[in-house]
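Notes follow once the structure below has been shown.
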Amino acid sequence: MAKSFEMEPRKTTRFETKYRKICTDIPVPESMPIIEKLRKYEPRSMSGQPLIIWDRADNYNVYDKYGNKFVDFSSGVLVANAGHSNPEIKKAAIDMLDHGLLHNYCFPSEIRADLIEKLIEVTPAYLEKAFLLTTGSETTECAIKLMRTHGQRFYSPTKLKIVTFENDFHGRTMGAQMAGGSKGGKAWIVHHDPDIVQVPYPNAFLYDWADEKNPNYSDDNCFDTWMGFLKEACGGKLEDIAGFMPESYQGGWVQLMPKGFVERLRKFCDETGALLTFDEVQAGFGRTGQLFTYMHYGVEADIVCCGKGISSSLPLSAVLGRSKIMDMYGPNEMTSTHTGNPVCAAAALANIKYIVDNKLVERSASLEAIIRPALEAIQKDYPVINRVNGAGAGWGVIFTKENSKEYDPDFAHDVTRAAIERGVMLFAPVGPGCTIKVCPPLTIDEEALKEGLAAFREAVEVTYAEYYGK
Ligand code: PMP
């Protein structure tokens, strides 16, 4: 199990710059009663993040109430794409509160109409309808339902297999977790649906099989090797596949799929009637320099799952898809109590307008020129980084033992702590605990970004010195 963040305050070096300030020990001794209250009343599962009390957040800064100020590289788990407390989003939410509609269930509302119209307007033309939900998990559950229904209704009663990719993440509700997650995390399910099957992620770095079974591995030919795994997973019944649901990039590693692979997967779907859903809950709304990350692959999606950056703030998610798929269920057969909550919908609409009007997708692409070289330079200087993965403003740094391929979650944990002590906000490492995500709001000031990256480098440097005495 990965290390947890210790309750014992540690001495810090006090400093203040334009973008960051550390003026207390961390965790802040005065904040301990709040942390203890959380520990007392929340399940232990909620105690995994660094022990900084988030008091307020503004654009790319997070503040506690004890005077500390952080440059945010977490975007609050990739939500605040348009910046925290974006004034236009805030105004839209306040206006809706003042207007006096806090809830409307599935009754028609103008704000829901405006939001889904905007969503369909800014996304590719073949995505014709949008169904609003609240969390990312609900969207992947919904996609599974739609893919299965589609296979059964338009092809055959046995066309119901859902194919997902090992180590992808789709959420923590039952269907979502069955479809993704680590194998260990799924033990509680016991009665795993035999028609939800996993295949390896198509990438030579993550899977030695690509080298072993296909010495001529390349991005373009890995599909053929992978097809062997698909046949095995489906008992040879490829015609029974209702749909595939990859994460557009694998969040645990910030790993994109080879373009050639996705092109062949799309072709396979077209030939067999399987649907292709991209889980864009994390990767969407500009994170990697395209509106949706799957657009890097140059293919069409049948269904897209959205969440997080869709509002940059309040809880709202959406399933987008072709009408033929989205209209399969009749009135009141596919709904949710909080669908398109008016305040959340107002926030999401303002967010999408902000992203488009301020060209944040293009800005995300351009931030790559700052983030990639800074992280690659750290990798070059410290032989504890196996890979730097990502695109646009979505990056992952994967830590291993020195000059080794063995992942090192403890080292990644200690880098995270050291970065926090230097005023850089990171969430706990992901994947098997060895990937630190560098994912600032797309609105981040370039100087603040550079300063944060320099502080992150320092965190690696001190941790390396601590572990290896160099
Ligand atoms: N899919 C992906 C790719 C995600 O990253 C997440 C959340 N991390 C989810 C689904 C689940 O979203 P939620 O936590 O909102 O249910």
Side-chain angles (χ1 to χ4, degrees), residues 43 45-46 48-49 74-81 131-147 162 164-182 185-186 196 198 201 243-257 276-288 290-296 301 303-320 336-341 344 347-348 351 389-396 426-433 435-439:
S45 63
M46 286 292 292
Q49 293 305 324
S74 78
S75 295
V77 89
L78 296 101
V79 169
N81 289 12
F131 172 41
L132 302 179
L133 288 158
T134 312
T135 67
S137 304
E138 287 171 290
T139 67
T140 55
E141 295 271 357
C142 178
I144 291 169
K145 171 171 166 172
L146 289 171
M147 289 191 286
I162 302 295
T164 59
F165 293 77
E166 286 170 8
N167 296 315
D168 274 6
F169 186 80
H170 299 299
R172 296 209 187 275
T173 55
M174 196 171 200
Q177 193 158 9
M178 248 192 242
S182 65
K186 293 196 262 191
I196 295 183
Q198 261 91 49
Y201 200 74
F244 295 86
M245 185 167 68
E247 245 190 290
S248 303
Y249 74 55
Q250 195 161 52
W253 310 92
V254 199
Q255 177 71 50
L256 273 80
M257 290 183 281
L276 183 53
T277 294
F278 285 102
D279 181 348
E280 289 276 342
V281 169
Q282 175 172 143
F285 292 90
R287 178 49 58 188
T288 64
Q290 292 274 3
L291 180 65
F292 292 128
T293 292
Y294 80 82
M295 291 173 168
H296 286 291
I303 300 174
V304 181
C305 297
C306 309
K308 298 186 190 268
I310 194 173
S311 71
S312 290
S313 57
L314 301 183
L316 185 124
S317 62
V319 180
L320 311 178
S336 176
T337 300
H338 291 293
T339 183
N341 169 281
C344 301
N351 172 60
N389 277 339
W395 290 86
L426 297 172
F427 52 77
V430 296
T435 306
I436 292 185
K437 302 264 280 262
V438 174
C439 301

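This structure is a prediction, so every number in the text was calculated from the model and none was measured. One-based numbering, in listed order, for ligands and for the atoms of each.
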Original post:
Got Leu320 and Cys306 here, is their nearest side-chain heavy-atom distance under 4.5 Å?
Top reply: yes
**OP:** Report, in ascending order of atom number, the atoms of ligand 1 lying under 4.0 Å from any heavy atom of Thr135.
**Re:** 15 (O), 16 (O)
Original post:
At what distance is the nearest protein heavy atom to atom 16 (O) of ligand 1, and which residue and atom is it?
Top reply: Ser137 OG, 2.5 Å
Original post:
Which heavy atom in Lys437 sits nearest to a heavy atom in Tyr249, and how many Å separate them?
Top reply: CE-OH, 4.4 Å
Original post:
Can you list the ligand 1 atoms lying under 4.0 Å from a non-hydrogen atom of Glu247?
Top reply: 3 (C)
Original post:
If every non-hydrogen atom of His170 is compared with every non-hydrogen atom of Thr140, which pair is closest and at what distance?
Top reply: O-OG1, 2.8 Å
**OP:** Return the minimal non-hydrogen interatomic distance between Met245 and Thr164, and the atom names on each side.
**Re:** O-CG2, 4.0 Å
Original post:
Which ligand 1 atoms, with their elements, are less than 4.0 angstrom from a heavy-atom of Asp279?
Top reply: 1 (N), 2 (C), 3 (C), 10 (C)
Original post:
What protein heavy atom sits nearest atom 13 (P) of ligand 1, and how far off is it?
Top reply: Gly136 N, 3.5 Å
Original post:
Starting from atom 5 (O) of ligand 1, which protein heavy atom do you reach first, and at what distance in Å?
Top reply: Gln282 NE2, 3.0 Å
Subject >> Shortest non-hydrogen separation from Cys439 to Leu78 and the atoms involved >> reply: SG-CD2, 3.7 Å
Original post:
Quick one: does ligand 1 sit under 4.0 Å from the side chain of Lys308, the backbone, both or neither, non-hydrogen atoms only?
Top reply: side chain
Subject >> Distance-minimising heavy-atom pair for Val79 and Ser313 >> reply: CG1-N, 3.6 Å
